[in-house]
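Below is one structure, written out as structure tokens; the observations come after it.
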Amino acid sequence: MNRSAYLTTGLAIKALANMTKADVVIHGRENIPNGPIIFVINHFTRLETVLLPYHIYKLTNLPVWSLAHSSLFQGGLGTFFDMVGAISTTDPKRDELIVRSLLTGEANWIIFPEGSMVKTKEIMHRGKYMVNSPKGLRKPHTGAASLALRTELFRRYLLHKGAGSQDGARSMLDFLNIETLDQVGEASTSIVPVNLTYYPIRAKENVLSNLAAKLVKDIPERMVEEIMTEGTMLLSGVDISVRFGEPIAIAPYFEREKIKRVLGKQEVSGFLMSPELKDIMMKLGEDIMQQYMADIYSMTTVNHEHLFASFLRMHPWKKICETELKERVFLAANKISDMDQENLCLHKSLLKPQGHLFTDDRYKKFHNFLQLALDKGILKRSDDGCLLLDRSLLSTPVNFHRGRIDNPIEVMANEVEPLAWIRKVLISIALQPRPILRLYLAKYLHKQEKRRYEKDYEAYGYGDDLERKSFGKPFLLPGYRRKIGVVLVHSYLAAPEEVKSLAHHLWQSGVWIYAPRLPGHGTSSKDLARHTQEEWLEAVENAYVMMSSICEKVVLAGVSIGASLALDVASRAPNVAGVIAICPPLKLQDYSHNFMPAIDVWNRVVKKIRRTDSDPFFEFVADNPHVNYRRNPFAGIREVGRLLESVEGRLSKVEVPALIIQADNDPIVNVKSGRKVFQRIGSKDKQYSLFNFDRHVIINGDGAGRVHRNISNFIKHLLTKVTS
């Protein structure tokens with residue numbers, strides 16, 4: 001290997017990595033030990049042979065060479081792959097080179113135990129790891145394990161024989177082309193399992209495939225598929241999750257009594273060994289291979305497309321509604337992310353609330369998967385708006401060289417097949433009849449929110465902000481009608497207790513009521529300082545999902561900032577019957593200086609925050625001290641401003657029936673705010689009510705019954721529209 005050529009080519013690879021839109025995220029770098037390492041990695045694309053050595057080199061500061069399939073070295077690519085530190089699987093000197101470089105610490109190695117790219121992601125057969133290649137099924141290779149064992153065997157032999165004089169180890173040193181015993185390191189070899197997961201997987205025509213078609217006559221189908229798939233990843237962007245598992249130390253295997261006994265009477269001469277030792281080494285190699293294969297595939301980074309694809313494959317009927325598919329994925333994502341599973345590997349998008357699937361799908365998780373399924377003909381739209389599943393296309397054996405083009409959804413489902421605990425969750429959800437699924441989903445979400453409150457209160461709820469722990473709990477009031485359910489969102493600095501009086505009034509008319517807790521509320525102002533307006537929005541979206549699982553339509557209602565959140569979700573969600581905004585602010589400046597600091601004070605505080613690590617608070621007199629915090633964190637004020645700025649731009653998108661309520665002497669929010677919100681929303685069916693009150697939270701206190709009745713009448717109006 002030419003080290004200068006390797007490092008020079010590394011600069012070119014660095015430039016290539018910076019030019020691509022691939023986002024490489026490294027996990028488990030703490031699992032990379034000192035000493036010589038063989039990295040065993042799942043093989044899906046040719047990109048691994050080029051880009052991964054560069055990223056590992058950045059972590060270890062040691063050259064990383066790789067064992068690559070001989071087909072890579074055909075044509076002009078052979079010189080390039082030699083320069084990046086790749087050696088062909090057919091090179092007669094490969095084993096000697098690998099062992100020597102590990103013994104001397106010259107380089108670490110990458111070996112793909114499947115032996116070739118597993119384009120179909122099909123790696124399990126009857127519960128065992130089997131590689132599906134063009135020639136049929138076969139076991140993964142034990143080469144990485146055998147080479148690691150040989151390296152440790154030779155290291156021990158050389159250090160033992162050379163303990164008194166280097167002459168005793170001379171023949172072995174010559175065999176390995178090592179000049180002196182001093183070059184042999186004392187550190188034992190380790191095998192580090194590595195998993196690469198690509199998301200999303202797409203194959204389509206791109207600049208590279210079009211260029212190749214023009215330059216190469218009769219381009220092979222295999223090359224077309226690879227350029228379409230890997231070119232799209234490079235040019236269109238893909239998340240590449242690289243996970244390093246716990247290292248497998250090889251030295252302990254040589255402490256076993258049986259192998260110590262055999263080694264005691266065995267002379268080592270090159271790669272030749274006695275039948276007894278050879279048999280032991282083969283069995284050890286098989287055991288180690290099974291361990292690192294299990295480790296590699298247990299680290300698959302689960303993403304949305306894995307869940308969508310798996311549920312399509314498990315769906316027993318020909319027809320499926322979009323909402324039903326979303327419900328199953330939503331529940332699966334929540335259950336999986338809540339699991340206390342060791343080595344849980346989830347894409348970052350699954351670690352966040354999933355309410356967006358049911359509102360505007362703003363991250364395009366469902367849209368992108370659905371479009372792919374429609375393009376491939378696996379799904380078709382029916383006249384009633386549902387989706388028709390063509391199971392024959394989904395279950396057709398995946399062609400090895402065209403699977404990533406013709407049936408990427410089957411490839412996605414195959415990838416999570418080795419994850420038994422994931423499959424158990426998915427099967428339990430897939431078998432649920434939809435009516436039971438919807439009730440279970442609502443029950444699960446309610447329990448989840450209560451658990452989160454208990455956890456947050458345990459961590460932050462022992463301050464002096466709230467009088468009673470029960471005030472912060474989200475609550476659900478079951479009704480006897482399922483036409484409409486109401487979500488009531490409390491105000492900033494308050495808790496679900498704030499809307500309880502209104503909730504009980506509306507509940508008496510038979511509607512379902514749910515009052516969620518905004519993150520950071522119901523505990524302490526210190527807790528509030530660590531949360532964002534995106535989390536508040538996601539909490540209201542989850543409340544919407546929960547209520548829409550119970551009732552046909554949902555009414556979103558809120559007080560102050562709760563009203564702003566209700567308006568935001570109403571502008572996104574498709575199943576909203578109406579929205580009620582009580583004393584909604586329009587801008588941060590609309591707040592009274594008694595509640596929010598003046599702009600000049602705010603600007604000074606912002607500068608102060610940037611210079612220090614402190615979390616300052618703004619003291620004020622609460623409107624409802626029994627449910628309100630007594631301190632307003634400046635971090636929270638910043639989030640309120642961000643939220644209002646976002647909501648203001650979405651008001652024209654609120655097109656559902658709306659009721660805006662305002663107090664004419666509101667001491668907290670500018671009285672004109674409610675009227676401005678009323679004027680800017682896009683609803684044709686809208687009402688504006690002005691009440692003669694000198695307080696902000698007008699749903700509580702003297703005269704609140706009038707406000708309650710006003711809201712009840714509006715909900716009756718909505719019920720009439722829903723049932724007509």
Side-chain angles (χ1 to χ4, degrees), residues 303-304 307 326-327 329-338 346-367 441-442 444-456 460 472-474 476 485 487-496 514-523 527-549 554 556-576 579 635-636 638-647 649-650 653-654:
N303 57 56
H304 282 89
L307 304 184
K326 291 178 182 179
E327 287 167 349
V329 169
F330 179 93
L331 182 56
N334 276 272
K335 291 195 72 172
I336 291 169
S337 62
D338 279 349
L346 300 179
H347 189 267
K348 58 187 177 182
S349 60
L350 282 181
L351 296 173
K352 299 177 180 179
Q354 302 297 308
H356 57 85
L357 293 174
F358 291 88
T359 54
D360 57 347
D361 191 24
R362 54 188 172 275
Y363 306 118
K364 304 297 182 184
K365 300 300 181 183
F366 180 71
H367 169 82
L441 175 57
Y444 185 88
L445 279 175
H446 187 39
K447 283 187 175 181
Q448 183 186 59
E449 289 303 317
K450 288 197 292 186
R451 285 197 308 270
R452 286 176 179 169
Y453 175 62
E454 292 292 337
K455 181 180 178 181
D456 289 349
Y460 293 95
K473 287 184 178 180
L476 176 67
V487 173
L488 292 178
V489 188
H490 62 79
S491 67
Y492 177 66
L493 301 179
Y514 180 57
R517 177 187 73 98
L518 300 180
H521 293 76
T523 51
D527 183 22
L528 178 58
R530 69 189 183 97
H531 289 283
T532 65
Q533 60 98 8
E534 288 87 359
E535 293 175 274
W536 303 339
L537 175 63
E538 288 162 351
V540 178
E541 283 185 321
N542 268 6
Y544 162 78
V545 173
M546 176 181 155
M547 191 55 75
S548 62
S549 299
V554 178
L556 296 167
V559 181
S560 193
I561 283 299
S564 302
L565 291 164
L567 289 165
D568 191 312
V569 176
S571 73
R572 304 173 189 271
N575 200 36
V576 175
V579 61
R638 180 179 60 242
E639 294 306 311
V640 168
R642 290 181 59 226
L643 172 66
L644 293 178
E645 184 178 348
S646 172
V647 174
R650 298 196 62 84
K653 295 180 173 63
V654 178

Electrostatic pair Arg642:Glu639 at N-O distance under 4.0 angstrom: yes
Val545/Gln354 under side chain to side chain contact (heavy atoms under 4.5 Å, CB included): CA gap, chis, key distance, verdict: CA-CA 9 Å; Val545 173; Gln354 302 297 308; over 6 Å; no
His356 side, atom NE2; Leu537 side, atom CG - distance, nearest 0.5 Å: 11.0 Å
Smallest separation among heavy atoms of Val654 and Ser571, with atom names: CG2-CB, 3.8 Å
Spatial distance of atom CG (Leu441) from atom NZ (Lys326) [nearest 0.5 Å]: 13.5 Å
Close side-chain approach of Ile561 to Leu644, heavy-atom, < 4.5 Å: yes
Beyond-backbone contact of Tyr453 with Thr523, side-chain heavy atoms, under 4.5 angstrom: yes
Nearest-0.5 Å distance that lies between atom CG in Leu565 and atom OH in Tyr492: 12.0 Å
Sidechain-backbone polar pair: Asp527 side chain, Tyr460 backbone, donor-acceptor under 3.5 Å: no
Passing option when Phe358 is tested against Phe330, Phe366, Tyr544 for ring pair (Phe, Tyr, Trp, His ring centres under 6.0 Å): Phe330
Straight-line distance of Gln448 CD to Met546 CE, nearest 0.5 Å: 11.0 Å
Any side-chain heavy-atom pair of Asp338 and Arg451 under 4.5 Å: yes
Side-chain touch Arg362/Arg572, heavy atoms, less than 4.5 angstrom: yes
Stepwise side chain to side chain contact (heavy atoms under 4.5 Å, CB included) test for Tyr514 and Glu449: CA-CA 12 Å; Tyr514 180 57; Glu449 289 303 317; 3.6 Å; yes
Shortest non-hydrogen separation from Ser564 to Leu643 and the atoms involved: CB-CD2, 4.4 Å
Closest heavy-atom pair and its distance - Ala566, Leu556: O-CD1, 3.7 Å
Flag side-chain contact, heavy atom, 4.5 Å: Leu518 against His490: yes
Rounded distance (nearest 0.5 Å) linking atom OH of Tyr444 with atom OG of Ser549: 13.5 Å
CD/Glu454: more than 12 non-hydrogen atoms of other groups inside 6.0 Å: yes
Shortest non-hydrogen separation from Ala539 to Pro519 and the atoms involved: CB-CD, 3.6 Å
Minimal non-hydrogen separation, Arg517 against Gly472, with atom names: CD-O, 3.1 Å
Any donor-acceptor pair under 3.5 Å from His531 side chain to Trp536 backbone: no
Min side-chain heavy-atom separation Leu307-Ile336 under 4.5 Å: yes
Student check: side-chain heavy atoms of Leu350 and His304 closer than 4.5 Å: yes
salt_bridge(Asp456, Arg452) N-O dist < 4.0 Å: no
Distance in Å, Met547 CE paired with His446 NE2, rounded so as to fall on 0.5 Å steps: 10.0 Å
Closest non-hydrogen atom pair, Ser491 against Ser560: CB-CB, 3.8 Å
